[in-house]
Amino acid sequence: MSEKPYPAPDVRLPERLTPLGYLLAVLRSRPWLAGGTAVLGALWLVPGALLPLVVGQAIDAGIAGADTAALVWNVVLIAGLGVLQTVFGAGLLFSAHGMWLHAASTTQRLVSHHTLRLGAGLRGQADTGDMMAIASSDENRVGAIFEVFGRVLGAVVAFLTVGIVLLGTSPLLAAVALVGVPLAVAGIGPLIAPLQRRQEAQREDLSTVNALAADIVSGLRVLRGVGGERQFAKRFATASQRVREQGNAVASSTSWLVGAEVLLPGLVTVAITWLGAKLAVAGTITVGELVAFYGASAFLIIPVSTTTEAAGSFSGAMVAARKVCKMLNLRPKLTDAADPIALPDGPLELHDTESGFTAVAGKLTVVESPDAEELAARLARFTDPAEPVLVSGVDVRRAALAELRSRVVYAHNQDVWFSGVLREQIVTPGSVTVEAALTAADADDIVDALPLGLDELIGERGREVSGGQRQRLNLARALALDADVLLLDEPTSAVDAHTEARITERVAELRRGRTTVVFSQSPLWRAVADEYVVKERQPCS
């Protein structure tokens with residue numbers, strides 16, 4: 001039993017996305033999770049904000065005032081605040097991780113579903129490196145800003161709580177804290193822009209490395225055949241060194257950010273401690289209040305460091321979201337008509353008015369043409385033709401794409417395989433069984449040689465088999481679809497003549513009564529054809 005695909009994320013996105021708009025849309029898609037995380041973030045830091053004040057009260061009332069009951073009460077209160085902070089911290093950790101998972105998985109699913117929607121139109125609009133970078137790093141960066149979301153709100157609430165309480169004790173020290181800490185945070189701001197620029201540069205270089213790695217892996221056999229491993233290895237090493245250098249630049253900006261995070265709030269703490277000591281010596285405030293102010297100012301480093309972390313995460317998330325939005329803003333090159341027309345039942349006839357070619361319904365037509373790929377793409381509507389292409393009298397632009405894809409199948413001899421069980425990749429929606437398709441493609445011996453037969457796990461792009469074997473498996477997969485119209489592009493170019501002769505006869509027999517178009521120059525295909533057409537190259541318009 002095949003696994004059910006992930007459902008499309010229930011995220012309402014605007015027609016044209018911006019990075020900030022995308023992040024907000026993902027946040028709004030789980031309001032209960034976002035709200036719970038915000039509440040837990042506030043509850044997590046508020047006990048820590050109140051703790052120095054309770055300690056100061058214990059010193060003044062319990063120790064300086066020699067009141068044992070007050071001392072015990074404040075000690076119990078301190079312990080209670082510690083327990084509350086632990087409980088709320090555990091809840092925040094759980095919900096913050098849930099936020100990270102939500103944002104990262106939503107990004108992954110949105111991009112995956114949109115990629116499927118784009119279909120063949122994705123090629124030429126997006127680079128392989130960008131797609132790999134989104135899957136490998138961008139979704140994690142988007143998740144990171146959501147993970148810190150609750151702690152940032154908690155930091156703001158804790159800062160305001162401390163400021164309000166301190167105002168009632170010493171307006172001067174409270175003013176220093178309430179003004180100094182925001183200034184410290186603002187002082188960190190100029191470091192964010194250079195960090196974001198360097199992160200963007202690193203992201204671009206990472207896309208280049210990913211694309212180069214994908215090219216090397218997909219063409220490894222060819223590289224070995226022509227002795228190009230060293231050249232491509234040198235190119236990859238050079239590109240990876242650029243990523244390393246950009247990573248060092250990002251680390252340099254991050255180190256300045258972290259240093260400022262410690263230095264600037266530390267200066268505020270020093271100022272509060274110095275002023276508080278002078279006030280305590282003058283008798284303006286008590287020793288307990290001095291301790292409370294010192295503890296509160298030291299505590300304020302936590303909101304500042306949390307805000308700094310959020311600033312760094314936000315910078316990375318904006319870089320990542322910009323790439324995600326670029327992908328999600330792509331639109332399919334082909335669209336359905338507003339009122340699609342259903343194709344007639346039974347064998348279908350294809351007619352290309354641009355070239356005058358006609359594939360007779362129910363016949364096997366062999367076409368020899370230098371423009372084979374362009375003609376096949378028009379017939380299957382992988383491109384929108386300038387002149388109408390008719391499927392049994394219906395303009396392909398008026399037919400629903402889903403119906404057209406299920407009934408008119410274009411199988412290229414370089415079609416790729418995904419990693420998975422062989423049996424599951426050769427689907428049989430029609431009356432043609434897997435075994436019959438394999439026999440017609442003369443691929444039985446390939447399956448027999450596999451240790452698990454049809455249950456063998458085939459790796460990505462089918463690298464376990466040779467080029468000729470992969471071509472026969474491609475043909476078997478196309479035949480198993482049992483489409484009303486099957487367009488085959490050089491389906492036997494990589495097999496020997498004896499194998500090709502068996503394949504042509506078996507395919508002709510299996511496809512009898514259904515429309516089949518084979519683009520090939522092989523005389524063996526011509527020998528079994530019902531129709532044979534030679535097309536000259538179309539002049540450029």
Side-chain angles (χ1 to χ4, degrees), residues 115-116 118-126 128 214-215 218-219 221-222 332-334 350 352 355 357 359 364-385 389 391 396 401 404-420 422 425-427 432 437-438 440-443 446 458 460-463 465-495 499-500 503-504 507 510-511 514-522 524-525 529 533 535 537-538:
T115 300
L116 292 175
L118 291 172
L122 178 63
R123 182 177 298 176
Q125 295 192 75
T128 302
D215 291 342
S218 61
R221 287 184 176 178
V222 177
K333 292 183 178 179
L334 306 175
L350 300 181
D352 177 40
S355 64
F357 168 73
L364 192 159
T365 304
V366 174
V367 183
E368 183 177 337
S369 171
D371 299 318
E373 289 195 15
E374 291 82 355
L375 176 57
R378 291 200 302 271
L379 293 174
R381 205 199 168 196
F382 278 92
T383 60
D384 263 334
V389 170
V391 182
V396 291
L401 273 172
L404 191 66
R405 293 286 178 262
S406 65
R407 300 190 63 187
V408 180
V409 173
Y410 174 29
H412 195 280
N413 62 6
Q414 295 298 322
D415 287 342
V416 299
W417 288 74
F418 296 104
S419 177
L422 179 58
Q425 299 206 54
I426 304 180
V427 295
V432 177
L438 290 169
D442 200 42
I446 304 173
I458 299 296
E460 185 181 357
R461 295 182 180 270
R463 295 191 179 93
V465 297
S466 67
Q469 290 174 326
R470 186 161 56 249
Q471 191 177 70
R472 283 185 280 160
L473 289 174
N474 283 345
L475 178 58
R477 181 172 61 179
L479 293 172
L481 292 171
D482 194 24
D484 292 324
V485 178
L486 181 58
L487 308 174
L488 300 173
D489 177 45
E490 293 288 356
T492 53
S493 60
V495 302
T499 303
E500 185 177 23
I503 291 174
T504 56
V507 171
L510 182 68
R511 292 289 301 173
R514 287 183 288 274
T515 308
T516 307
V517 181
V518 179
F519 297 92
S520 175
Q521 299 181 22
S522 170
L524 294 174
W525 279 108
V533 178
K535 302 297 295 182
R537 182 178 296 277
Q538 294 294 310

| task | Among Val408, Asp384, Val396, find the residue that satisfies the side-chain contact (heavy atoms from CB on, under 4.5 Å) test when tested with Val389. | result |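 Single side-chain contact (heavy atoms from CB on, under 4.5 Å) partner of Val389 among Val408, Asp384, Val396: Val396.
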| said: Among Leu487, Val533, Val518, exactly one meets side-chain contact (heavy atoms from CB on, under 4.5 Å) together with Thr365. Which residue is that? | reply: Val533
Considering all heavy atoms of both residues, which atom of [X] and which atom of [Y] are nearest to each other, and what is their separation?
X      : Y      : answer
Leu118 : Pro332 : CD2-N, 3.4 Å
Thr492 : Glu500 : OG1-OE2, 2.8 Å
Ala411 : Ala478 : CB-CB, 3.6 Å
Ala440 : Val507 : O-CG2, 4.0 Å
Val366 : Trp525 : CG2-O, 3.5 Å
Ala441 : Leu479 : N-CD1, 4.3 Å

With a 4.5 Å cut-off on side-chain heavy atoms, are [Y] and [X] touching?
X      : Y      : result
Thr383 : Arg378 : yes
His412 : Glu373 : yes
Arg472 : Thr499 : yes

With rounding to the nearest 0.5 angstrom, report the [atom1] to [atom2] distance, [X] to [Y].
X      : Y      : atom1 : atom2 : result
Leu481 : Ser406 : CG    : OG    : 10.0 Å
Arg381 : Leu379 : CZ    : CG    : 13.5 Å
Leu510 : Asp482 : CG    : CG    : 7.5 Å
Leu473 : Ile446 : CG    : CD1   : 4.5 Å

| Looking only at atom types and distance, does a side-chain atom of Asp352 sit under 3.5 Å from a main-chain N or O of Ser355, one as donor and one as acceptor? |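 Yes; judged by distance alone, with no hydrogens or angles, the pair exists.
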| remark: Contacts of Arg511 meeting salt bridge (charged side-chain N to carboxylate O under 4.0 Å, His left out) (sequence neighbours excluded), chain-then-number -> none
| message | Check this for me: Glu368, atom CD, are more than 12 non-hydrogen atoms of other residues, nucleotides or ligands nearer than 6.0 Å? | response |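 Yes.
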| task | May I have the step-by-step check of side-chain contact (heavy atoms from CB on, under 4.5 Å) for Leu438 and Ile426, ending in yes or no? | result | CA-CA 9 Å; Leu438 290 169; Ile426 304 180; 3.9 Å; yes
| task | Go through Arg514 and Leu486 one step at a time and tell me if the side-chain contact (heavy atoms from CB on, under 4.5 Å) criterion holds. | result | CA-CA 8 Å; Arg514 287 183 288 274; Leu486 181 58; over 6 Å; no
| request: Validate the cation-pi geometry between Arg405 and Tyr410: distance from NZ or CZ to the six-membered ring centre under 6.0 Å, angle to the ring axis within 45°. | output: no
